[in-house]
Amino acid sequence: MSELPNTLEDAIAQSRTAVQAALADGCTRLQVEFLFPELKFMPVAEQFLPTFTDYDSRLKIFFADAGAAALARRDWADAPFQILDIGTGRAASLQTKIQPEDEIFLFIAPTSVEVPQLEKLCEVIGDRPLVLLNPRLEDSGTVGIGYTARKIRDRFISTIESAYYVRPIDDESALYRCYPGQWEVWLETNGEYQRIAELPTKPSGDDLDLIVLKGQPQTTTTDATPARKPNVFKSLQRFLKALSS
């Protein structure tokens with residue numbers, strides 16, 4: 001039975017296990033999301049990289065832009081894998097970024113702006129596995145993408161399996177998924193976290209608000225599961241501050 005993580009390190013460890021399980025089950029398009037405010041993606045990515053240790057140089061990593069890719073090449077100078085940017089070039093130039101010897105791909109923090117290029121790269125990748133780490137594909141409010149771009153984005157997102165997801169709804173509740181488990185809503189009551197809902201698909205914002213508002217078991221199992229532990233989001237603050245420094 002899955003449990004909410006106590007720390008960011010716990011969450012990353014859980015996500016690595018979830019991704020490995022999903023890959024073993026034959027999933028080829030995965031995403032991992034840690035949706036905490038002001039989270040720096042580079043330290044998270046560095047802790048997530050051991051997921052791919054066995055792939056060595058057969059792993060290829062993509063960043064959203066050339067600047068981020070250059071910083072990663074500087075910081076990970078001894079890494080065996082190649083680091084590239086998604087880029088905004090023509091389809092022909094995008095195809096040169098994918099080689100036959102590449103076996104698995106990690107995309108770090110791509111945004112909705114890169115979706116057209118990302119989709120083209122995924123077409124070249126084909127059935128080889130890929131993982132999106134903390135993508136921001138649904139951040140349409142800040143980029144103001146139009147209807148056609150939203151349709152492309154939504155079509156692409158529909159092809160991706162969420163291997164790991166953790167997001168605070170507020171200071172006392174969270175939405176959580178750890179493959180192969182279901183989507184779960186957790187609520188803190190009297191110092192205890194309880195799993196108050198298990199759902200086969202990700203709940204919409206309205207459904208989520210309703211579940212939290214009721215604060216009552218909505219599960220397919222017999223009883224809500226108590227978990228005596230400190231507030232995960234309060235304990236995470238010191239880790240987030242450490243990563244931001």
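We number each residue from 1, following the sequence as shown.
The hydrophobic cluster containing Leu35 also contains Leu199, counting ILVMFWY residues as joined when their side-chain heavy atoms lie under 4.5 angstrom apart, directly or transitively. Under the 4.5 Å side-chain heavy-atom criterion for ILVMFWY residues, no single connected hydrophobic cluster contains both Leu71 and Leu106.
Shown here for Ala22 and Tyr179, the closest heavy-atom pair between the two residues is CA-CE2, 3.4 Å. Shown here for Ala197 and Ile211, the closest heavy-atom pair between the two residues is CB-CG2, 3.8 Å. In terms of heavy-atom proximity, Pro50 sits nearest to Arg16 at CB-NH2, 3.1 Å. Nearest heavy atom pair, residue Pro5 against residue Ala11, reads CB-N, 3.6 Å. Taking every heavy atom of both residues into account, Pro135 and Glu33 meet most closely at CD-CG, 3.9 Å. Considering every non-hydrogen atom in both Asp127 and Thr28, the closest pair reads O-CG2, 3.3 Å.
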Carefully, step by step, assess Tyr165 and Phe34 under the rule ring-ring contact (aromatic ring centres under 6.0 Å, His included). CA-CA 6 Å; Tyr165 183 101; Phe34 309 101; 9.9 Å; no
Between Ile98 and Phe62, does a side-chain contact (heavy atoms from CB on, under 4.5 Å) hold up when you go through it step by step? CA-CA 11 Å; Ile98 309 297; Phe62 285 90; 3.7 Å; yes
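Atom NZ of Lys151 is surrounded by 12 or fewer heavy atoms from other residues, nucleotides or ligands within 6.0 Å.
A ring-centre distance under 6.0 Å is not found for Phe63 and Phe107.
A side-chain donor-acceptor contact under 3.5 Å links Asp170 to the backbone of Glu172. Of the possible polar contacts, one joining the Thr17 side chain to the Ala13 backbone as a donor-acceptor pair under 3.5 Å is found. Proximity of a side-chain donor or acceptor of Arg177 to a complementary backbone N or O of Ser162 within less than 3.5 Å is detected. With hydrogens and angles disregarded, a donor-acceptor distance shorter than 3.5 Å links the side chain of Arg73 to the backbone of Ile83. Between the Arg128 side chain and the Asp102 main chain, a donor and an acceptor come within less than 3.5 Å of each other. Counting only distance, with no hydrogens or angles, the side chain of Glu114 and the backbone of Thr111 share a donor-acceptor pair below 3.5 Å.
The CD atom of Gln20 sits 8.0 Å away from the CG atom of Asp54 when rounded to the nearest 0.5 Å. Distance check, rounded to the nearest 0.5 Å: CZ of Phe105 to CG of Leu59 gives 9.0 Å. A distance of 10.5 Å separates CG in Asn6 from OH in Tyr193, rounded to the nearest 0.5 Å. Summarising the geometry, atom CG belonging to Leu132 is positioned 6.0 Å from atom CG belonging to Leu118; distances are rounded to the nearest 0.5 Å. Note that the CD1 atom of Ile169 and the CZ atom of Arg167 stand 6.0 Å from one another [nearest 0.5 Å]. Between Ile125 atom CD1 and Glu119 atom CD the span is 12.0 Å, to the nearest 0.5 Å.
Phe48 is not listed as a side-chain neighbour of Ile108, based on a closest heavy-atom distance of 4.5 Å or more. Glu123 has its side chain out of reach of Leu94: every pair of non-hydrogen atoms, C-beta onward, lies at least 4.5 Å apart. A heavy-atom distance below 4.5 Å is not found between the side chains of Tyr164 and Val19. Ile104 is not listed as a side-chain neighbour of Arg58, based on a closest heavy-atom distance of 4.5 Å or more. For the pair Gln47 and Glu9, the minimum side-chain heavy-atom distance is below 4.5 Å. Between Leu30 and Leu130, every side-chain heavy-atom pair lies at or beyond the 4.5 Å cut-off. Under the 4.5 Å side-chain criterion, counting only non-hydrogen atoms from C-beta, Ser112 is not in contact with Arg136. By the 4.5 Å heavy-atom criterion applied to side chains, Phe41 and Glu46 are not counted as neighbours.
Salt-bridge check for Lys60 with Glu103: failed, with every basic side-chain N at 4.0 Å or more from each acidic carboxylate O.
Note on ring orientation: taking the six-membered ring where Trp is involved, the planes of Trp76 and Phe81 are perpendicular (angle over 60°, cut-offs 30° and 60°).
With respect to Tyr176, the side chain to side chain contact (heavy atoms under 4.5 Å, CB included) criterion is satisfied by exactly one of Gln14, Glu3, Gln182: Gln14.
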